[in-house]
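Heads up, the thing below is written out as structure tokens.
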2 protein chains.
Amino acid sequence: MSSAAEDTESQDLRAVDGRVPGRRGIATRQRLLQCTSDLLETTSYRDLKVVDIAREAGTSPATFYQYFPDAESALLALADRLVGEGGERLVRPLKAANWHGQNAYLACEAVADAFLEFWADHSALMAVIDLAALEGDQRFRDCRIQLLNMFTVAATEVLTRQREAGFAAAEVDPEATAVVLVSMLSHVAAHQAGIAQSGVPIGQLRDAMARVMYNSPLGKTDRFATTI
Amino acid sequence: MSSAAEDTESQDLRAVDGRVPGRRGIATRQRLLQCTSDLLETTSYRDLKVVDIAREAGTSPATFYQYFPDAESALLALADRLVGEGGERLVRPLKAANWHGQNAYLACEAVADAFLEFWADHSALMAVIDLAALEGDQRFRDCRIQLLNMFTVAATEVLTRQREAGFAAAEVDPEATAVVLVSMLSHVAAHQAGIAQSGVPIGQLRDAMARVMYNSPLGKTDRFATTI
DNA sequence: AATTGTTCTGACGGGTCGTCAGATAGTAGG
DNA sequence: CCTACTATCTGACGACCCGTCAGAACAATT
């Protein structure tokens, strides 16, 4: 399942004119992707020009257009590659944990860390995904949904179990709660640099995230547990 | 204090060449702003062309540039006008509430509603602010911070009091918690349309937001309150 | 080395941007 | 009503970026 990205890379690849590229073509495409990724570290998404990517890759703009219809498509290709890894990384601490008693808080900390670290590791690309999705680009919107969907589904399941076990009120809507928590996690993770810059240490942020999760119906594994 | 925006409008206004515009000039500027706002309802932020705004206003692009250095600046002028109203609307339910006992949950509902409604009322412009801020534009970033700052400060105060009253653990960091909650509120509010479209009713969303707030240290006004 | 298929690129038409000199509209004084 | 002056508007322009295409350069195969 996690090789889906790989398969897409080697199977479906077509140059713009419909031909299947050979060894050299694939290498060029790869080089263009790498240069796009590199440039993204120093250039803002909107200032990313095809001509710059091409120059960085030591080739001409026309070559770029042979492999991608536009600059965004190259970014999308990079983003797609991230979805597999990301979905996995985010959902792991949720699934690995056993949501009983005190373990729940540890799980919440692990989840907060996973979000913060994943966004920190891929801040530039994640910013592009968030941005393009917000801007209404359906391709990036799907990408973002797919990335978060695995987590949201898993969180919904945990919440449903908590509710069935009587740890949360019957009116709690598991899916809505999961969406709200995912919003919190992804938004804080995406803005961690800015938040830190305005004086809140990342450590405190992580604790606050974990606490909010733990105190929500997600973390409650005891009918009379108190807020921490 | 709330007339600050008005003052700015009538005092500081300068045409691009440094002159102070007269009656007619101010009217033209106003018309351009209104057309920008109108076009924003039907056009995506990035597709907003100066030439379109000018045509809509029945004037020429060159006229536009006499009043704004670029299209973003017109949007910023609209955004600034929203900050006064927005800050006020968001913080009111937080300050109006007395955070004692059961009232706290009602306050949380009111806060959730305020965020959802404010973003719904100004979805297009708020999307632009979020977008431009995310994109790194410092002017919009400041604008967004100013909009949310009043609320964040007020929430930090409430949290500090709750902690001093012994309703939250000593390790709870009021500011970090406030930031996390504001992230949740603003992100959910900004994406409410998309979330609703994917099948979660706004009502459920509101309840989930209120519950997450209420269960966080913000809502706890009783040492042994249980999760709802 | 000739042939065939693949990959690359210089040069171009089309479009948007922001500027500026000059046209136009408004106004005060005679 | 005319003149002179100021405020406002605009047509036309150069600069820039985008994506395309015909043909050059390259690689592989015989």
Side-chain angles (χ1 to χ4, degrees), chain A residues 9-36 39-40 43-77 128 132 135 137 139, chain B residues 9-36 39-40 42-77 132 135 137 139:
Chain A
E9 289 289 306
S10 50
Q11 255 180 261
D12 261 5
L13 272 190
R14 308 229 146 216
V16 166
D17 55 5
R19 285 182 302 95
V20 177
R23 229 178 287 121
R24 190 158 66 118
I26 289 177
T28 302
R29 191 191 126 104
Q30 198 51 45
R31 192 154 35 92
L32 286 168
L33 275 183
Q34 186 56 47
C35 291
T36 305
L39 275 180
L40 205 54
T43 319
S44 134
Y45 161 46
R46 275 290 153 201
D47 299 333
L48 205 61
K49 311 278 183 233
V50 168
V51 65
D52 294 326
I53 300 173
R55 191 184 314 137
E56 179 84 6
T59 181
S60 85
T63 300
F64 180 93
Y65 287 108
Q66 203 142 27
Y67 296 98
F68 307 99
D70 52 37
E72 288 209 344
S73 296
L75 290 168
L76 188 66
V128 170
E135 214 163 309
D137 189 313
R139 304 173 299 174
Chain B
E9 288 287 307
S10 50
Q11 255 179 263
D12 260 7
L13 274 190
R14 309 232 144 213
V16 165
D17 54 6
R19 284 183 305 95
V20 177
R23 229 177 286 121
R24 189 155 68 116
I26 289 177
T28 302
R29 191 191 127 104
Q30 198 52 44
R31 192 154 37 92
L32 287 168
L33 274 182
Q34 186 56 48
C35 292
T36 305
L39 275 180
L40 205 55
T42 57
T43 319
S44 131
Y45 162 47
R46 275 290 154 199
D47 298 333
L48 205 60
K49 310 279 181 229
V50 168
V51 66
D52 294 326
I53 300 173
R55 192 185 312 138
E56 179 84 5
T59 181
S60 85
T63 300
F64 180 93
Y65 287 108
Q66 202 143 27
Y67 296 98
F68 306 100
D70 52 36
E72 288 208 345
S73 296
L75 291 168
L76 188 66
E135 216 163 307
D137 189 314
R139 303 172 300 173

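Sequence lines set the chain letters: A, B, ... in the order given, protein chains first and strands last, and positions in each chain run from 1. Predicted, not measured: the structure shown is a model, and the values here were computed from it.
Between the P atom of D:dC9 and the CZ atom of B:R29 lies a distance of 13 Å, rounded to the nearest Å. Rounded to whole Å, atom C1' of C:dT9 lies 10 Å from atom CD of A:Q66. As rounded to whole Å, 12 Å separates atom P of C:dC17 from atom CD of B:E72. We find that CD1 of B:I53 is positioned 13 Å from C1' of C:dC17, with the value rounded to whole Å. Going from atom NZ of B:K49 over to atom P of D:dC18 covers 12 Å, rounded to whole Å. Distance A:F64 CZ to C:dT7 P: 17 Å, rounded to the nearest Å. Note: CG (B:L32) to P (D:dT8) measures 13 Å, nearest angstrom. Rounded to an integer number of Å, the gap from B:R55 CZ to C:dG15 P is 13 Å.
Across all non-hydrogen atoms, the minimal contact from A:A54 to A:S60 is CB-C, 3.5 Å.
Heavy-atom distances to DNA chain C give each of B:R24 and B:L48 a nearest nucleotide, and the one nearer the 5′ end belongs to B:L48.
Side-chain nitrogen and oxygen atoms of A:T28 include at least one within less than 4.0 Å of the OP1 or OP2 phosphate oxygen of C:dC8. At C:dC8, none of the side-chain N or O atoms of A:S60 fall inside 4.0 Å of OP1 or OP2 (strictly under the cut-off). Checking the phosphate oxygens (OP1, OP2) of C:dT7, no side-chain nitrogen or oxygen of A:Y67 falls inside 4.0 Å. One finds no side-chain N or O of B:T63 lying less than 4.0 angstrom from the OP1 or OP2 phosphate oxygen of D:dT8. Distances shorter than 4.0 Å separate none of the side-chain N or O atoms of A:R23 from OP1 or OP2 on D:dA27.
With rounding to the nearest 0.5 angstrom, the CG atom of B:L39 is 4.5 Å from the CD atom of B:E56. Here the CG atom belonging to A:D70 is positioned 9.0 Å from the CG atom belonging to A:L75, to the nearest 0.5 angstrom.
For B:V51, the side-chain atoms get nearest to C:dC17 when compared with the rest of C:dC8, C:dT19, C:dC17. Side-chain atoms of B:A62 lie closest to C:dT19 of the nucleotides D:dC9, C:dT19, D:dC18. Among C:dC17, D:dC9, D:dG19, the nucleotide with an atom closest to any side-chain atom of B:T59 is D:dC9.
Under the 3.5 Å distance criterion, the side-chain polar atoms of A:T43 are left unmatched by any main-chain donor or acceptor of A:L40.
Counting only heavy atoms from C-beta outward, the side chains of B:L33 and B:F68 approach each other to under 4.5 Å.
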